[in-house]
Amino acid sequence: MAIDLPFIWAALIAFAVLAYVVLDGFDLGVGILFPFFPEKHDRDVMMNSVAPVWDGNETWLVLGGGGLMAVFPLAYATVLPALYAPIIAMLLGLIFRGVAFEYRWRTRRGEFLWNWAFAGGSTLAAFSQGLALGALVQGIPVEDRAYAGGWWDWLTPFSIVTGAAIVVGYALLGATWLIMKTRGDLAERARALALKCAFATVAAMGIVSLWTPFLEPVYLQRWFGWPTAIFSVIVPLLVLGCLYLLLKGIQLRHDRQPFIAALGLFLLGYIGIGISFYPYMVPPSLTIWDAAAPNDSLAFLLVGALVLVPIILAYTAYSYWVFRGKVDPEEGYH
């Protein structure tokens, strides 16, 4: 029986993107919440809670983007021209927030500029990711194996709503991360913000989920045709279950439960996108197998991935283990 290399690589890239969303989502969320914590001491603690891990989190973005270019070159060559503007905006946001991690600690007079760079860069990166996701979900026109749309096709009401949903969702991850990593008044205010963000996130998921099936006939068939319609019942129930655990964790003042439940919401949203997309790499035109590189190339690259991915997983797990527990307000990373 032949090994389906395109499918294996699609699963690997999907895993890399999920790992990026889960890991970088909460530290982007911390930046998004920066304006809600005006005190310098609180902001110092917030940045220190993610400073040891934020750059390692973005390894998965590089792996996902690089993997897409190497193993699905047709998808890469199609998606990139369609999404140049939001992708460039995302990279600029990530650059500003990355520089802010270092420069904010080097100045007093200009500290407010780097506060805004951190908060603005985080929000811009999150919103741009949502715009790109919305544009991809609504479909990218392809003719003769090339992008056939216009410069502004990515900017639609659906992509804007998706961008806002990602910002709110990342803010939820950031708030629950702060609950898990901080103490005192900072953690209490994070609980209050997490409560608001939880309802806003689930509402945004509901709006996007109800809108998506009507964007493409294949989505409508996938969600309401038999037997896949069963997912239309199971997924919303699981979302409500995660929301219950999240709210209960906040109410009972648990440290980890709200964060884990928030991750569950993102996982379910990601699964929902996967159910809609499969087997398309660029909906509604290019399937996984249409966009894949030759099997010999996929097999060669897979050998490297089987070595590299476990190493990345190992050092990521080790870094989180080393910096586990609450952040000491008196001892910063910097």
Side-chain angles (χ1 to χ4, degrees), residues 11 14-15 17-26 28-29 32-33 126-127 129-134 136-138 157-180 190-216 218-252 254-278 283:
F15 173 76
V17 173
L18 176 61
Y20 171 76
V21 168
V22 166
L23 296 178
D24 208 36
F26 71 77
L28 287 171
I32 292 167
L33 294 176
F127 186 66
Q129 289 174 19
L131 283 176
L133 174 63
L136 189 60
V137 170
Q138 71 191 10
F158 178 76
S159 67
I160 292 171
V161 169
T162 307
I166 293 295
V167 171
V168 173
Y170 281 178
L172 173 63
L173 288 178
T176 53
W177 171 262
L178 292 175
I179 292 172
M180 186 170 65
R191 284 190 176 89
L193 285 170
L195 193 62
K196 296 175 183 177
C197 290
F199 288 110
T201 298
V202 172
M205 289 178 69
I207 292 169
V208 172
S209 298
L210 290 173
W211 198 336
T212 298
F214 301 99
L215 295 173
E216 290 287 345
V218 66
Y219 299 160
L220 191 64
Q221 174 61 31
R222 186 67 52 81
W223 282 104
F224 297 107
W226 184 260
T228 50
I230 193 169
F231 293 119
S232 298
V233 177
I234 294 176
V235 173
L237 289 176
L238 292 174
V239 167
L240 291 176
C242 285
L243 178 62
Y244 172 79
L245 292 174
L246 176 54
L247 299 177
K248 201 68 176 175
I250 294 172
Q251 179 186 5
L252 298 177
H254 292 161
D255 288 340
R256 294 185 180 88
Q257 183 172 315
F259 183 66
I260 294 171
L263 292 180
L265 289 175
F266 267 80
L267 177 61
L268 290 169
Y270 196 74
I271 290 172
I273 293 171
I275 292 170
S276 299
F277 268 34
Y278 185 81

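The first residue in the sequence is number 1, and the count goes up from there.
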Which value, rounded to the nearest 0.5 Å, describes the distance between [X] atom [atom1] and [Y] atom [atom2]?
{"X": "T162", "Y": "W211", "atom1": "OG1", "atom2": "CH2", "result": "7.5 Å"}
{"X": "L173", "Y": "F266", "atom1": "CG", "atom2": "CZ", "result": "4.5 Å"}
{"X": "L195", "Y": "T176", "atom1": "CG", "atom2": "OG1", "result": "12.5 Å"}
{"X": "L265", "Y": "I260", "atom1": "CG", "atom2": "CD1", "result": "12.5 Å"}
{"X": "Y270", "Y": "L263", "atom1": "OH", "atom2": "CG", "result": "14.5 Å"}
{"X": "I32", "Y": "I166", "atom1": "CD1", "atom2": "CD1", "result": "9.5 Å"}

Sequence-distant partners of T212, side-chain contact (heavy atoms from CB on, under 4.5 Å), two or more places apart: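 Only V137, F158, V208, Y219, S276 meet the side-chain contact (heavy atoms from CB on, under 4.5 Å) criterion with T212.
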How would you list, by chain and number, every residue that makes a ring pair (Phe, Tyr, Trp, His ring centres under 6.0 Å) with [X], sequence neighbours excluded?
{"X": "W223", "answer": "none"}
{"X": "F127", "answer": "none"}
{"X": "F15", "answer": "W60"}

Sort and list the pairs that fulfil side-chain hydrogen bond (donor to acceptor under 3.5 Å, both in side chains) and have at least one residue in [range], not counting sequence neighbours.
{"range": "residues 191-202", "result": "E188-R191"}
{"range": "residues 165-175", "result": "Q129-Y170"}
{"range": "residues 254-269", "result": "H254-Q257, D255-K326"}

Quick check: are there more than 12 heavy atoms from other residues, nucleotides or ligands sitting under 6.0 Å from CG of L252? yes
Under the rule for side chain to side chain donor-acceptor pair (under 3.5 Å), what residues qualify as partners of E216, not counting sequence neighbours?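 By the side chain to side chain donor-acceptor pair (under 3.5 Å) rule, E216 matches no residue at all.
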Give me the atom names and distance for the closest heavy-atom approach of L33 to A175.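 So the two residues come closest at CD1-N, 3.4 Å.
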How far apart are the closest heavy atoms of A198 and L247, and which atoms are they?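 Closest pair (atom of A198, atom of L247, distance): CB-CD2, 4.3 Å.
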Passes side-chain contact (heavy atoms from CB on, under 4.5 Å), L28 versus V167? Steps please. CA-CA 9 Å; L28 287 171; V167 171; over 6 Å; no
So, do F231 and I271 sit near enough that their side-chain heavy atoms are less than 4.5 Å apart?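 A side-chain contact is absent here, since even the closest heavy-atom pair is not under 4.5 Å.
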So F26 and W177, would you call those rings parallel, tilted or perpendicular, with 30° and 60° as cut-offs?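 Taking W177 first and then F26, their aromatic rings lie parallel (interplane angle under 30°).
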Which side-chain N or O atoms in residues 235-246 pair as donor and acceptor under 3.5 Å with protein atoms at least two apart or in another chain?
none

